[in-house]
Student: 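Take a look at this one; I'll ask things after.
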Amino acid sequence: MKNVVITSTYTKLSHYNHEQLAQMQGVNFFVIVRESERLAVERDFGATFPNVFGIQGTSEEEFFQQSKSYISELMTQKEGESFYIVTMAEDLLLVAAKLREAFNLTGMNFEQTYRFRNKGEMKKILQKANIRVPYFGKLDLSKSEHKAYFEEIVAEVGLPFIIKPTMMACSNGVSKIESFDAFVEYLDDAQPNIEYGYEEFISGKLYHCDSIVSNGEVIFSSACEYTNENMHFQKGKSVISMPLPDDLAISQEILAFNKAVLNELGMEQGANHLEVFKKGDELVFLEVACRAPGAVVVPMYERQFGFNFLNTNLEMELGLVPELSKSAKVYCFSGIFPVQPGTAIELVEPQLQSGFDMNWNIKQGQKFDSADSLRDIAGSIQATNQCFDTLREDFRKLIDFHAVNCA
């Protein structure tokens, strides 16, 4: 019997294809989530995941220690059976790696995972390999002469520049610094227990590339266009993703770039999500993660290509090699709209030629501040069309579309 322990969040669990998981033979599932989500997971996903353990506390160390005790008890109960640790939640990737090492299990170890988790570390490795990354550095919060430090950073990476935590996801804490006053304000709000980095501001078109790697070889990859940068979500802009046909020149360029990045970072097995800018004639690396794409991108891929990224990654953890097709069943895009500041007086659906489904996370009459991160979602959309050119026309209509009118 194979025992799969999934360290996760409610949202990530919702993106699995549960019907396919239920059909897996000889596999027991054990889910570990934070206690605040345990009851909801048991209520909504109990049929697929009957064994749910809740973690008390919010830190990664608490998650690791309590998970370690729980898994140790499971291994005692199921002596001689196989165990696997699986996660696609970015803030739990290092926890899962430490758990694998603690129990000597297969899968990515801490050192391998860290290269895909720390934004500064991944840039150092790629820079040495002559892959274009933004000019960057580690932010030193101990510097007392703020004016001199500001001028030092500007001389190194230019103005404006970006400051962001090196280990956070969903664009949390990302800020474009355009003045000394903005720099001081960021430093005043910075938390001393968090590592921050600064980097060159890249003005260009943002794309992403999602891939599956088996035995060090990319067996599936798809280049995708964004309506807007993730950072612009906080400014009220949509973040919508659309897979591009492989025969486009930009697709071929991104797919080759993605392969080079994964090779330099030593990716051996599993799912990956890379983001890259097109600036003039060059591609500039933004970041990469050893996980499946987030938000509503997983069901988009399932609709277009017929496989679920999360299920596929889980199967590969068990030693299976999937057969994946790049033949599009239909062309798709999907994405999210942010909450807007004020009281929501109207929820607006776009006028598109393509068929689409719109799901709302909010109701009329609710009051919100501006979005702080990609988690502050007003609604999501998935659109389909048999004609890529028509779908792309609809995609471009949503670049400046606001789904919520507020008073």
Side-chain angles (χ1 to χ4, degrees), residues 8-15 33-41 43-45 54 57-59 89-91 162-165 168-179 181-182 184-191 194 206 226-241 293-300 333-352 356-383 394-395 397-407:
S8 194
T9 64
Y10 179 96
T11 300
K12 286 295 182 184
L13 292 173
S14 71
H15 290 158
V33 295
R34 290 186 169 87
E35 179 61 26
S36 59
E37 294 190 313
R38 179 180 59 82
L39 291 178
V41 169
R43 179 194 66 216
D44 295 341
F45 311 130
T58 59
S59 72
E90 186 150 3
D91 60 343
I162 299 295
I163 299 181
K164 57 186 175 183
M168 284 190 180
C170 295
S171 296
N172 277 308
V174 179
S175 184
K176 180 181 177 183
I177 304 300
E178 301 186 79
S179 66
D181 289 343
V184 172
E185 183 179 353
Y186 194 99
L187 293 182
D188 288 342
D189 292 337
Q191 301 177 42
I194 292 178
L206 185 64
Y226 277 125
T227 50
N228 297 287
E229 298 175 35
N230 293 343
M231 188 173 66
H232 291 167
F233 194 75
Q234 289 102 313
K235 298 180 180 179
K237 297 272 194 173
S238 67
V239 173
I240 297 170
S241 171
V296 290
V297 179
V298 170
M300 176 190 74
F333 67 67
S334 69
I336 53 179
F337 299 97
V339 297
Q340 304 286 348
T343 301
I345 59 173
E346 185 180 14
L347 307 182
V348 185
E349 293 195 355
Q351 299 296 313
L352 304 178
F356 69 92
D357 294 318
M358 191 88 179
N359 294 303
W360 295 102
N361 291 20
I362 67 172
K363 297 178 180 179
Q364 288 178 325
Q366 288 184 279
K367 188 174 182 179
F368 299 94
D369 296 323
S370 299
D372 288 328
S373 76
L374 293 174
R375 293 188 173 99
D376 296 322
I377 300 169
S380 61
I381 188 170
Q382 182 178 108
D394 287 334
F395 176 81
K397 292 176 184 176
L398 300 181
I399 293 173
D400 295 313
F401 178 80
H402 287 153
V404 184
N405 290 331
C406 292

Student: Rounded to the nearest 0.5 Å, how far apart are CD of Glu37 and CZ of Arg34?
Tutor: 8.0 Å

Student: Could you grab the distance from atom CD1 of Ile381 to atom OG of Ser334, nearest 0.5 Å is fine?
Tutor: 9.5 Å

Student: To the nearest 0.5 Å, what is the distance between NZ (Lys237) and NE2 (His402)?
Tutor: 6.0 Å

Student: Are Pro350 and Lys397 side-chain neighbours, meaning at least one heavy-atom pair lies under 4.5 Å?
Tutor: no

Student: Say you draw a straight line from CG of Asp181 to CD of Glu185; how long is it, rounded to the nearest 0.5 Å?
Tutor: 8.5 Å

Student: Sequence neighbours excluded and cut-off under 3.5 Å, please list the side-chain donor-acceptor pairs for residues 339-347, or say none.
Tutor:
from, atom 1, to, atom 2, distance (Å)
Gln340, NE2, Gly236, O, 3.2
Glu346, OE1, Asn405, ND2, 2.9

Student: Is the number of heavy atoms from other residues, nucleotides or ligands under 6.0 Å of Asp369 CG greater than 12?
Tutor: no

Student: Checking the side chain of Asn228 only, and the main-chain atoms of Val239 only, is there a donor and an acceptor separated by less than 3.5 Å?
Tutor: no

Student: Let's go through Leu13 and Val33 carefully: what are the C-alpha distance in whole Å and the side-chain angles of both, what is the deciding distance for side chain to side chain contact (heavy atoms under 4.5 Å, CB included) to 0.1 Å, and is it a yes or a no?
Tutor: CA-CA 10 Å; Leu13 292 173; Val33 295; 4.0 Å; yes

Student: Identify the two heavy atoms, one from Pro293 and one from Val298, that lie closest to each other, and give their separation to 0.1 Å.
Tutor: O-CG2, 3.4 Å

Student: If I compare all heavy atoms of Asp372 with all of Gln234, which pair ends up nearest, and what's the gap?
Tutor: O-NE2, 3.2 Å

Student: Please give me the minimum heavy-atom distance between Glu178 and Ala182, naming the atom from each residue.
Tutor: N-CB, 4.4 Å

Student: Do you know the tightest heavy-atom contact between Tyr10 and Ala40?
Tutor: CE1-O, 3.7 Å

Student: Working note: Arg375 + Thr11, criterion side chain to side chain contact (heavy atoms under 4.5 Å, CB included); need CA distance, chi angles, decisive distance, verdict.
Tutor: CA-CA 10 Å; Arg375 293 188 173 99; Thr11 300; over 6 Å; no

Student: Work out which heavy atom in Val348 is nearest to a heavy atom in Met358; give both atom names and the distance.
Tutor: O-CE, 4.3 Å

Student: Nearest 0.5 Å, please: how far is CD1 in Ile336 from CG in Asn361?
Tutor: 9.5 Å

Student: Taking only residues two or more places apart in sequence, or in another chain, which ones meet Phe401 in a ring-ring contact (aromatic ring centres under 6.0 Å, His included)?
Tutor: Phe337

Student: Thr227 pairs by side-chain contact (heavy atoms from CB on, under 4.5 Å) with which of Ile240, Leu206, Asp400?
Tutor: Ile240

Student: Heavy-atom distance under 4.5 Å between the side chains of Pro338 and Asp376, does that happen here?
Tutor: no

Student: Identify the two heavy atoms, one from Tyr186 and one from Pro165, that lie closest to each other, and give their separation to 0.1 Å.
Tutor: OH-CD, 3.9 Å

Student: Are Phe333 and Phe356 an aromatic pair, judged by ring center distance below 6.0 Å?
Tutor: no

Student: Output the distance between atom CD1 (Ile377) and atom CH2 (Trp360), rounded to the nearest 0.5 Å.
Tutor: 12.5 Å

